[in-house]
Q: 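Structure in C-alpha cells, see below.
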There are 2 protein chains.
Amino acid sequence: MTIQQVATEAGVSPSTVSNLLNGRSHRMLPETRQRIERAIDKLGYRPNRAARQLRTGRNTTIGLVVPSVGNPFWGALARHLESAALAEGYHVLLCNSERDPRRERDYVDELWADGVHGVVLCSSLPSLEHVMPLVERGLQLVAFDRTSQAGDPASLVSISVDNAVGSQLATQHLTDLGHRRLAFVSGALASVNRKERYRGFMAGLEQAGVDPATSVRAPIKGDADDFGDVEASELGRAAAAELLALEEPPTGIVAINDMCALGVCRGLRDGGLEVGKDVSVVGFDDIVLADLYAPTLTTVRQPMKEMAAAAFTQLRSRLDDSGPTQGQSLLFRPELIVRESTAAPS
Amino acid sequence: MTIQQVATEAGVSPSTVSNLLNGRSHRMLPETRQRIERAIDKLGYRPNRAARQLRTGRNTTIGLVVPSVGNPFWGALARHLESAALAEGYHVLLCNSERDPRRERDYVDELWADGVHGVVLCSSLPSLEHVMPLVERGLQLVAFDRTSQAGDPASLVSISVDNAVGSQLATQHLTDLGHRRLAFVSGALASVNRKERYRGFMAGLEQAGVDPATSVRAPIKGDADDFGDVEASELGRAAAAELLALEEPPTGIVAINDMCALGVCRGLRDGGLEVGKDVSVVGFDDIVLADLYAPTLTTVRQPMKEMAAAAFTQLRSRLDDSGPTQGQSLLFRPELIVRESTAAPS
DNA sequence: CGAGGCTGGTGCAACGATGCACCGCATGTT
DNA sequence: AACATGCGGTGCATCGTTGCACCAGCCTCG
C-alpha cells in the first residue's frame, strides 16, 4: 500500500495525498479530500515510516534510557512516559543501560542513528560528556532524576525531584522520632542524585544537632562500577548485616531508594531484628511495593506521573521546534510518606 | 555522514562500501577494505537505518508487548530479552498494553507500520484473532506466557512455563503440608495462563483427595476488563479481606502471581494474621521481591532467562528466514521454591 | 485587453542505502 | 586468434514520501 496507489484510486497525484496527510489541505476541494479519504480507508493505507523519516529526517519516537527496568520505579516511569507520549501519537523506545556508562552512550548513539531526536536519559553519570557530541548536533536531551550540573549543555532540560530536600525530610523524620545513631545506605555515590541524597542526609543530621563524626555510619559500598538496581536490594541486605556487626548499631537507617530499603529490612530480619520496632528504615521513591511490604515502608515519594508528563511535554515542544531552545531545570517537591517501618527508638 | 562521503574518503564507489558493510567482501583487496574501514572510523559513519529499511524492507528491531511494566516480572522479561537481542545487534521496542486488547492490537499495528516484522506478544487474550491479519501478511509472532490454542496461526511460536504443572506443584505443596481448606486468588480468568493455573490448582486438590466442592474458595474477582497487574496486588489484598470474612477461612492460598500474593499477604496482615504461620501463601513467577518480602514468599519459579533467550532465538531464526516457518510450542518446567510463607496449618 | 492574482492542484528531485547487472582487464584454454 | 573465466570493482534504478516550484485556468481591475 503506497501513497501512489491511494493517489491512483482517488484519481489525484501523490502530492495531493501527501498534502492532505500533512495538513496542507487549506485550498483543497472538499470533494477531493473526501475521495482521498475514502481511498485511504478502502485500501487500509498507512504511510511508510521509514520513507517518511528518510525524507524529513524527523520521526515520532522518543528514547527512554533507564538504569534498570528491574526496578519497579523505572517501570513506573516507563509507563507514565509512554502514556503521555501515546496520547500525542509518539512512541517510546525503552533502553536499559544497567548503569553501564558505555552501554548508555551506545544506546544514545543507536537512537540517534535511528533518527530519534529526543531522548529522556536517566543517567547514572555526573557528567554528560559522553553524549555531548550528539547534543551539539541537535539531539534534544531531558535528564531525568538528575539535577543540572555545571558543564551541562545549554539546551539540557533537567527533571528531578529535590533529592536533597527529600532525603533531609527522611532524616529529619527519624531525628524527630528521637533517633540519634543514623546510617545512610547506598551504593557508590557515583550519580548526581545519590550525592544529593547524601547531602540531604547530612543536612538533616546537622539540623537536628547530631554530630556526624561520632554517630553516623554510612557504609557506602562498592566502587563506581558496582552500581546495579536489582542488586540494590542485595546491597541493602549486606549493608544491614554489616551495620548489625557494629558495637553500637544505628537505630535509624536512610536508604538510597526503596529497593535498597527493602534489602535493608531483609538484612535486619536476617539479624533477628524487627523493622519498625528495633530499627527504623526509610526508603526513597515510593514504589508500589512500599505499601505492600511487611512492615509497610516509610518513604519519600516522587511525583512520578507529573514528572513523566513534564519530561514528555518538554521534549515535545523542543522537537516541534516550537519550544524554547534554552534548557531549564524542573525540580519537583518530594513528599514524606510515613508508614510502619519507622517509630521511636525502643 | 553518508555512505557517499565514506566512499569519497576511501576513494571507492558507494557500492563497494555497501558491499563491505553487508558482508559481500569475498573478492575485495585487503588493502581496499582497510581504506574503507579507516574512512568509516575517521568519519564516524553509521548507516542510516531509515534508508536501509526503506530499501531492504528489513530491520533489526523486534517488538515486545507486555501487559504491564509495573510488574517486575515483565520488567525482568524485558531485561533478559533485551540482553539476548542486543548481543546479536537487535533492538527491542517495548510496549505496554495495560492488558487492553485494543491497545494491544494498536501496538502491533504500529510496530508493523514501523517495519517491525517480529513481535514477542505477552497477550492477555485466549484468541489472537485481532492480530491475525498481520500474521497472514508475514508478521512473525512469538506468544509469551501463553500456551498454544486451537485456532492459533500455524506459524505461531508459543513460549510458556507449564502453568498447570506449576500451579499443581504449589497446591500440592500446601496439601502435603496438611492444608485442606484452600483458596485460589486471581483476577478474571480471561487469559490462557490463568485458566491453566486454575486447572493445576484443581488438579492438585483432586490428587490430594480434597473435595473442591466443599473446601475450596476461589474468589475470582473482576470481569474481563479489570485485569491489571499493578492492581494485582490490590486485588490480592481485597480478596484476602473477603476470605477472612468467611466462616471457615482457608488456611492455604494459591495466588495467580507474586504481585497478587504480596497483596494477599498484606490483606492477611490487615486482618491480624501472620503469613507463614496462621495462613500459608504461595505465589507464582519468583520475582526478585519474593525473596525480600517478610516473610519470604514460597513461589513457583519461571526460568525467565532461558525463556527470554528462547523467544529471541525463535524470532531471529524466522526473521532471517533461515528458520522453520512452522510454529511450535516450547513449554518450560516450573520449579517450586519453598520459603517462609508456607508451613503446616496450626 | 493585458497584467496580476487566486485557486486547486501537479511535477520532480531529493533523502541514503542496496544489490543486480555489468565492465575492463589479465590470464588460461582450445 | 577467438573465446571463456576469474578478479575487483562500479553504475544505476529503486524503495515511499515530501514539499518547493510551478502550472493551467479563471477572475478582477485599470
Side-chain angles (χ1 to χ4, degrees), chain A residues 1-37 39-40 43-61 89 110 112-117 137-138 320-321, chain B residues 1-37 39-40 43-61 89 110 112-117 137-138 320-321:
Chain A
M1 290 307 104
T2 76
I3 203 173
Q4 174 61 59
Q5 297 177 41
V6 174
T8 306
E9 174 77 26
V12 295
S13 78
S15 298
T16 305
V17 180
S18 171
N19 285 337
L20 176 57
L21 256 37
N22 293 279
R24 283 184 298 269
S25 55
H26 326 288
R27 46 184 87 187
M28 188 179 293
L29 254 29
E31 179 196 314
T32 309
R33 137 180 272 156
Q34 277 182 21
R35 279 213 317 279
I36 297 176
E37 281 167 351
I40 289 178
L43 302 178
Y45 166 75
R46 319 211 27 163
N48 178 314
R49 251 178 245 274
R52 176 175 274 180
Q53 179 182 328
L54 177 59
R55 184 63 236 264
T56 64
R58 276 179 263 121
N59 70 16
T60 55
T61 300
E110 286 276 6
W112 179 258
D114 273 352
V116 173
H117 286 200
R137 291 213 235 161
D320 288 354
D321 63 22
Chain B
M1 290 307 107
T2 74
I3 203 172
Q4 175 62 58
Q5 296 176 44
V6 174
T8 306
E9 174 77 24
V12 294
S13 77
S15 300
T16 305
V17 180
S18 171
N19 285 336
L20 177 57
L21 256 38
N22 292 280
R24 281 184 298 271
S25 55
H26 327 289
R27 47 183 87 188
M28 188 179 291
L29 252 30
E31 180 197 312
T32 309
R33 136 180 274 157
Q34 278 183 22
R35 280 213 317 280
I36 297 176
E37 281 165 351
I40 289 178
L43 301 178
Y45 165 76
R46 320 214 25 166
N48 178 314
R49 253 179 244 276
R52 179 176 269 181
Q53 181 182 326
L54 177 59
R55 186 64 237 264
T56 64
R58 278 179 260 122
N59 72 14
T60 56
T61 300
E110 286 278 6
W112 179 256
D114 272 351
V116 173
H117 286 202
R137 290 213 236 161
D320 288 354
D321 64 22

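Each chain gets a letter, A, B and so on, in the order the sequences are listed, and its residues count up from 1. None of these values were measured; they are calculated from a predicted model.
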Q: Compare the minimum distances between each of C:dG9, D:dT10, D:dG19 and the side chain of B:S13, then state the nucleotide with the smallest one.
A: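 My answer, after comparing the listed nucleotides, is D:dT10.
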Q: In whole angstrom, what separates B:R58's CZ from D:dC15's P?
A: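 It works out to 16 Å between those atoms.
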Q: Tell me: CG of A:L54 to P of D:dT14, nearest whole Å?
A: 17 Å
Q: Using a 4.0 Å heavy-atom cut-off across all strands, classify A:V12 as base, sugar-phosphate, or nothing.
A: sugar-phosphate
Q: Atom CD of B:Q4 to atom C1' of C:dA17: distance rounded to whole Å?
A: 11 Å
Q: Contact class for A:N19 (heavy atom, under 4.0 Å): base, sugar-phosphate, or nothing?
A: base
Q: Going by atom types alone, do B:S18 and B:S15 pair a side-chain donor with an acceptor below 3.5 Å?
A: no
Q: Each nucleotide N or O in nucleotides 5-7 of chain D that has a protein N or O under 3.5 Å away: list the pair and distance.
A:
none

Q: Ignoring hydrogens and angles, does a donor from either the side chain of A:S15 or the base of C:dG11 sit under 3.5 Å from an acceptor on the other?
A: yes
Q: For the atom pair CZ (B:R49) and CG (A:L54), what is the distance rounded to the nearest 0.5 Å?
A: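 Rounded to the nearest 0.5 Å, the CZ-CG separation comes to 14.0 Å.
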Q: Quick check: does any side chain N or O of A:N59 sit under 3.5 Å from a backbone N or O of A:T61, one acting as donor and the other as acceptor?
A: yes
Q: For C:dG19, take OP1 and OP2 only and decide whether either is under 4.0 Å from a side-chain N or O of B:R24.
A: yes
Q: Please check the phosphate of C:dA17 (OP1 and OP2 only) for any side-chain N or O of B:R46 closer than 4.0 Å.
A: no
Q: Rounded to the nearest 0.5 Å, what separation is found between the CG atom of A:N19 and the CD1 atom of A:I36?
A: 8.5 Å
Q: Over how many whole Å does the gap from A:M1 atom CE to D:dC15 atom P extend?
A: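 Roughly 14 Å, once rounded to whole Å.
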Q: Please report the distance, rounded to the nearest Å, between CE in B:M28 and P in C:dG19.
A: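 Between P of C:dG19 and CE of B:M28: 13 Å.
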Q: OP1 or OP2 of C:dG9 less than 4.0 angstrom from a side-chain nitrogen or oxygen of A:T32, does that happen here?
A: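 Answer is yes, contact under 4.0 Å.
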Q: Given side chains that start at C-beta, do those of B:W112 and B:R137 come closer than 4.5 Å, heavy atoms only?
A: yes
Q: Tell me the interatomic distance from A:I3, atom CD1, to D:dG19, atom C1', rounded to whole angstroms.
A: 11 Å
Q: Under 4.0 Å between any heavy atoms, over every strand shown, what does B:T16 touch: base, sugar-phosphate, or nothing? Just pick one.
A: base
Q: What's B:R33 touching, base or sugar-phosphate or nothing? Going by heavy atoms closer than 4.0 Å.
A: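 No contact at all - B:R33 keeps every heavy atom at 4.0 Å or more from the nucleic acid.
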Q: Ignoring hydrogens, what is the shortest heavy-atom contact between A:M1 and A:L43? Give both atom names and the distance.
A: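 Looks like SD-O, 3.4 Å.
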Q: Please report the distance, rounded to the nearest Å, between CD in B:Q53 and C1' in D:dT14.
A: 16 Å
Q: Please give, in whole Å, the distance from D:dG19 P to A:H26 NE2?
A: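 Computing the A:H26:NE2 to D:dG19:P distance gives 12 Å.
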Q: Can you name the closest pair of heavy atoms from A:Y45 and A:T2 and give their distance?
A: CE1-C, 3.6 Å
